[in-house]
Amino acid sequence: MNAIDPGFQAARRRTFAIISHPDAGKTTLTENLLLAGGAIRAAGAVRARGEARRTRSDWMKIERERGISVSASVMTFEHEDRIINLLDTPGHEDFSEDTYRTLTAADSAVMVLDAAKGIEPQTLKLFEVCRLRDIPILTFINKLDREAQDPFALLDEIRERLALEPAPMQWPAGSGQRFRGVLDLAADAFIPFKRPEPGEEFQRPLPIAFSGNSIAQWLTSEEAQELRETAQLAREGMAPFSLQNYREGHLTPVFFGSALRRFGVAELLDGLAQLAPAPRAQALAGGGAPIGPEREEVSGFVFKIQANMDPKHRDRVAFFRVCSGRFQRGMTLKTANGRAMHVHNPMMFLAQEREIAEEAFPGDVIGLPNHGVLRVGDSLSQSGTIAFKGIPNFAPEILRRCRVRDPLKQKHLKKALDGLAEEGVTQVFRPVLGSDAIIGAVGALQFDVLEERVRAEYGLDVLFEQSPYQAARWVSSESRADLEAFVEKSKNQIAEDLDGAPVFMAKSAWEVSYVAEKNPKIRFGNVKERV
Ligand code: G4P
């Protein structure tokens with residue numbers, strides 16, 4: 001085995017993303033993972049990252065104006081001979097389809113739950129995308145330093161709402177003011193929690209034998225007794241950890257801690273390094289044997305495009321996930337439809353900087369600057385014969401009618417909307433009856449990006465208006481006749497997506513379930529897989 005062997009290098013890599021609801025602690029955890037992994041030295045660097053980038057680059061106008069990060073970046077660091085790639089999934093206002101797409105480039109995910117709140121709506125949505133691709137999930141229950149829900153209730157919620165078997169790796173002793181630490185269930189070792197004094201340097205606490213005498217230093221005899229009993233109940237009542245079940249996406253190992261107090265983060269990172277899967281073989285469009293990472297030929301796919309808003313610089317950066325081979329700077333890669341591109345200046349994303357990547361291996365993500373040649377979902381390989389299964393489309397959660405201010409520019413508008421939908425900025429739905437296009441997005445920011453780009457690149461002023469619809473579902477059926485009959489009878493609520501596929505436009509989420517119930521032979525999909 002040597003350092004340039006793609007199989008050897010792939011086996012060292014762990015590429016993952018964090019899924020969570022806003023405010024559960026993703027940013028804090030990211031920062032502390034980077035600290036634990038030695039990638040950054042000072043707390044505050046992750047938040048400061050956006051700041052530094054804004055002053056350094058003219059990435060995107062909106063990004064600067066609003067002071068938010070539109071770009072999901074990649075943070076790479078080494079931990080115990082593993083190379084960890086953390087793909088940032090934009091949340092809050094910059095939640096968008098890119099957040100979902102990023103998950104398709106990850107081999108595993110860490111689900112962060114706020115211990116007081118449990119599973120929240122956005123966790124659930126992101127979880128569904130993981131499930132779609134059988135992405136294994138490690139769970140981190142955060143904010144134990146605050147008053148938390150009962151851990152049994154939290155684990156039951158995971159089991160019931162996600163249909164995912166929770167396997168606690170640790171068991172917490174109390175929460176909030178009474179939080180004392182966690183018991184490592186396999187090692188029967190207690191990891192004590194100590195609130196650091198102001199200015200005190202953080203030190204990773206050493207585990208202590210739970211049965212030994214020194215436990216009395218950390219727990220009163222009542223606390224020790226309670227922990228012994230609850231941990232025993234957890235051992236007996238909860239699923240034991242199984243690597244296979246985790247890797248297949250049926251079971252989630254659960255860790256507890258406090259990202260803010262840096263407690264449990266190093267243990268989570270160890271768990272990730274030991275349990276999370278190395279880069280997986282990737283499925284091909286149209287079936288056939290998946291492409292394994294050890295294959296010599298370089299291949300990969302584009303999961304996200306970031307555009308520069310400056311109209312004078314129509315450059316884009318395509319985020320490219322390497323799936324096989326050893327990529328080297330200067331290589332020529334081809335899309336599955338034969339377009340060749342010479343990759344001179346691929347970018348690598350480090351915790352705080354962007355750098356030129358000299359080489360990359362399966363599991364890595366590099367940025368490919370281009371002038372709009374690459375699209376979301378494009379496969380690239382040396383031979384140009386590899387086409388991976390595409391990135392799915394996700395049902396939009398916000399729909400708006402789109403009009404151009406100058407009525408003579410209708411045709412231009414169509415071209416602009418189609419072009420930007422092809423690039424994956426937003427989705428476009430054309431009602432079969434009626435003229436105005438309906439734009440769909442999963443995050444409000446996508447409309448701002450669309451508006452800016454339509455103006456900058458096509459010179460059009462557009463207006464977004466409330467749409468009569470609130471939900472869109474791709475309709476399909478085993479029987480073509482059934483589908484045609486449904487489309488015909490629901491004509492005034494049918495639109496076509498960019499590929500001409502029929503979409504049912506509903507006035508409310510309730511209407512979707514109502515119509516679905518009335519039409520059992522029709523599937524109402526909230527994801528469109530691209531083959
Ligand atoms: P997000 O990226 O998932 O949206 O969450 P973020 O890390 O920004 O955390 C949201 C809030 O929760 C922050 O507080 C953060 O400090 C706090 N937090 C995160 N982890 C923990 C934890 O383990 N314990 C406690 N007690 N709080 C935690 P904020 O007041 O909104 O922001 P800030 O002023 O602290 O930056």
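Whatever order the structure lists them in is the order used to number ligands and atoms, beginning at 1. Values below: every heavy atom of this structure, side chains too, minus hydrogens, waters and symmetry copies.
- By the 4.0 Å heavy-atom criterion, R261 is excluded from the residues contacting ligand 1.
- Between Y100 and F394, the ring planes are tilted. Angles from 30° to 60° get that label.
- Geometrically, ligand 1 and G257 share no nitrogen or oxygen pair separated by less than 3.5 Å.
- Contact between H92 and ligand 1 is present, with at least one heavy atom of the residue lying under 4.0 Å from the ligand.
- The closest non-hydrogen atom to atom 11 (C) of ligand 1, taken over K143, E147, K26, comes from K143.
- More than 12 heavy atoms of other residues, nucleotides or ligands sit less than 6.0 Å from atom CD of E465.
- Between F303 and F320, the gap from one ring centroid to the other reaches at least 6.0 Å.
- Between F241 and Y246, the ring planes lie tilted relative to each other; the angle falls in the 30° to 60° range.
- Residue P22 has at least one heavy-atom neighbour below 4.0 Å for each of these atoms of ligand 1: 4 (O).
- In D145, the part holding a heavy atom less than 4.0 Å from any atom of ligand 1 is the side chain.
- Residue N142 holds the heavy atom nearest to atom 20 (N) of ligand 1 of all those in L29, D23, V265, N142.
- At a 4.0 Å cut-off, at least one heavy atom of A259 sits close enough to ligand 1 to count as contact.
- A donor-acceptor pair under 3.5 Å links the side-chain atoms of R235 to the main chain of L185, judged by distance alone.
- Under a 3.5 Å cut-off, the side chain of N142 and the backbone N or O of V112 do not form any donor-acceptor pair.
- With ligand atoms numbered from 1 in the order given, ligand 1 contributes 22 (C), 23 (O), 24 (N) to contacts under 4.0 Å with heavy atoms of S258.
- Relative orientation of the F256 and W171 rings is perpendicular, given thresholds of 30° and 60° on the angle between their planes.
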